[in-house]
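Notes follow once the structure below has been shown.
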Amino acid sequence: MIDLSKVIDLPDSIVVSGKSYRIHTDYQFFITFVLMAKKPRAYEDYNFMYEGKIPADVVKGFEELKNFAFPKKELPRDTGNDSDEIILDYEKDGDLIYSAFWQCYGIDLKAEYLHLHWYKFLALLSGIKDTKLNKVMEFRSYIPKEEDGKEYRKYMLQMREMWRIEKELTDEEKEAIFNFDSQLK
């Protein structure tokens, strides 16, 4: 993500079909991008991410924007214990993210003067500790272990359920539920 061995500027463009396109790299643009990408949209809806020229192939452009938004990391390694639980949501956890940045770094994410590169935002977010955001993420990712005491396990499972983020249904799932419900009437 951020190579500290080189004193260079962070990336500010993506390459689509061999051509470079400058993009907005501020964290606010990418949070908007990530939130929009949760629901199907026309690829042209993401053109706001470009500072100037827009690639002719907006589908490939969208894919490269996704690659920029979610950079591959070498660590931590995948252990195969993937959970489908949502641990962090930029919209639902916005207040927790805001307060965590303020608490840990004294950074006001809503300050007009703040221009924070997306990669810097991600690096700072991953370094946050001892905040309510960390505790909530711990609840959401909790998996009971044999060595956990009965009361602790009960508490953590209760907190996990209280803080769980509901997955949004796809249009197909919503339609299936509607069709099922209409048959019952």
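It should be emphasised that the depicted structure is a prediction, and the values quoted were computed from it without experimental measurement.
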Pairwise distance [atom1]([X]) to [atom2]([Y]) - rounded to 0.5 angstrom:
| X | Y | atom1 | atom2 | result |
| --- | --- | --- | --- | --- |
| M137 | T131 | CE | OG1 | 8.5 Å |
| N47 | K53 | CG | NZ | 13.0 Å |
| L124 | I97 | CG | CD1 | 12.5 Å |
| S141 | I86 | OG | CD1 | 13.5 Å |
| I165 | E85 | CD1 | CD | 9.0 Å |
| Q28 | K110 | CD | NZ | 5.0 Å |

For a 4.5 angstrom cut-off between non-hydrogen side-chain atoms, does [X] reach [Y]?
| X | Y | value |
| --- | --- | --- |
| F30 | Y90 | no |
| P55 | K60 | no |
| L10 | T25 | no |
| Y21 | I54 | no |
| Y50 | R22 | no |
| F121 | I31 | yes |

How close do [X] and [Y] get, heavy atom to heavy atom, and via which atoms?
| X | Y | answer |
| --- | --- | --- |
| V34 | A69 | CG2-CB, 4.5 Å |
| P71 | L122 | CD-CD1, 4.0 Å |
| P144 | R160 | CD-NH1, 4.2 Å |
| M36 | D45 | CE-O, 3.6 Å |
| S13 | S20 | OG-OG, 3.2 Å |
| H117 | P11 | NE2-O, 2.8 Å |

Requested in this report: Go through L125 and L133 one step at a time and tell me if the side-chain contact (heavy atoms from CB on, under 4.5 Å) criterion holds.
Outcome: CA-CA 10 Å; L125 183 62; L133 176 65; 4.0 Å; yes
Checking [X] side chain against [Y] main chain: does a donor-acceptor pair fall under 3.5 Å?
| X | Y | value |
| --- | --- | --- |
| N134 | I128 | yes |
| Q103 | D130 | yes |
| R140 | W163 | yes |
| D93 | L96 | no |

Query raised in the report: Taking a hydrophobic cluster as the set of Ile, Leu, Val, Met, Phe, Trp and Tyr residues connected by side-chain heavy atoms closer than 4.5 Å, whether directly or through intermediates, do V15 and M49 fall within one such cluster?
Result: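 V15 and M49: separate clusters.
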**Report entry** Cluster check W102, L116: I/L/V/M/F/W/Y, side chain < 4.5 angstrom
**Finding:**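 No; L116 is not reachable from W102 via cluster members.
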Report task. Step by step, work out the salt bridge (charged side-chain N to carboxylate O under 4.0 Å, His left out) result for K66 and E64. Result -> CA-CA 5 Å; K66 274 190 355 189; E64 289 305 318; over 6 Å; no
Report task. Show your working on side-chain contact (heavy atoms from CB on, under 4.5 Å) between V16 and V58 and close with a plain yes or no. Result -> CA-CA 9 Å; V16 179; V58 292; over 6 Å; no
Query - Sole residue of Y46, W118, F68, F33 in side chain to side chain contact (heavy atoms under 4.5 Å, CB included) with I23 - result: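 For I23, the side chain to side chain contact (heavy atoms under 4.5 Å, CB included) test succeeds with only one of Y46, W118, F68, F33, which is F68.
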Query - Option passing salt bridge (Lys or Arg N to Asp or Glu O under 4.0 Å) with D89 (candidates R164, K38, K167) - result: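 That would be K38.
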**Report entry** Atom NZ of K132 with >12 non-hydrogen neighbours under 6.0 angstrom
**Finding:**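 Check fails, neighbour count at 12 or below.
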Report task. Any chance you could lay out the side-chain contact (heavy atoms from CB on, under 4.5 Å) test for E138 and M156, step after step, and finish with the verdict? Result -> CA-CA 9 Å; E138 180 184 348; M156 289 299 286; 3.9 Å; yes
Query raised in the report: Any side-chain donor-acceptor pair under 3.5 Å between Y142 and D148?
Result: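 Y142 vs D148: donor-acceptor pair found between side chains.
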Requested in this report: Check the pair N67, L65 against side-chain contact (heavy atoms from CB on, under 4.5 Å), reporting the backbone distance first and the verdict last.
Outcome: CA-CA 5 Å; N67 291 338; L65 287 169; over 6 Å; no
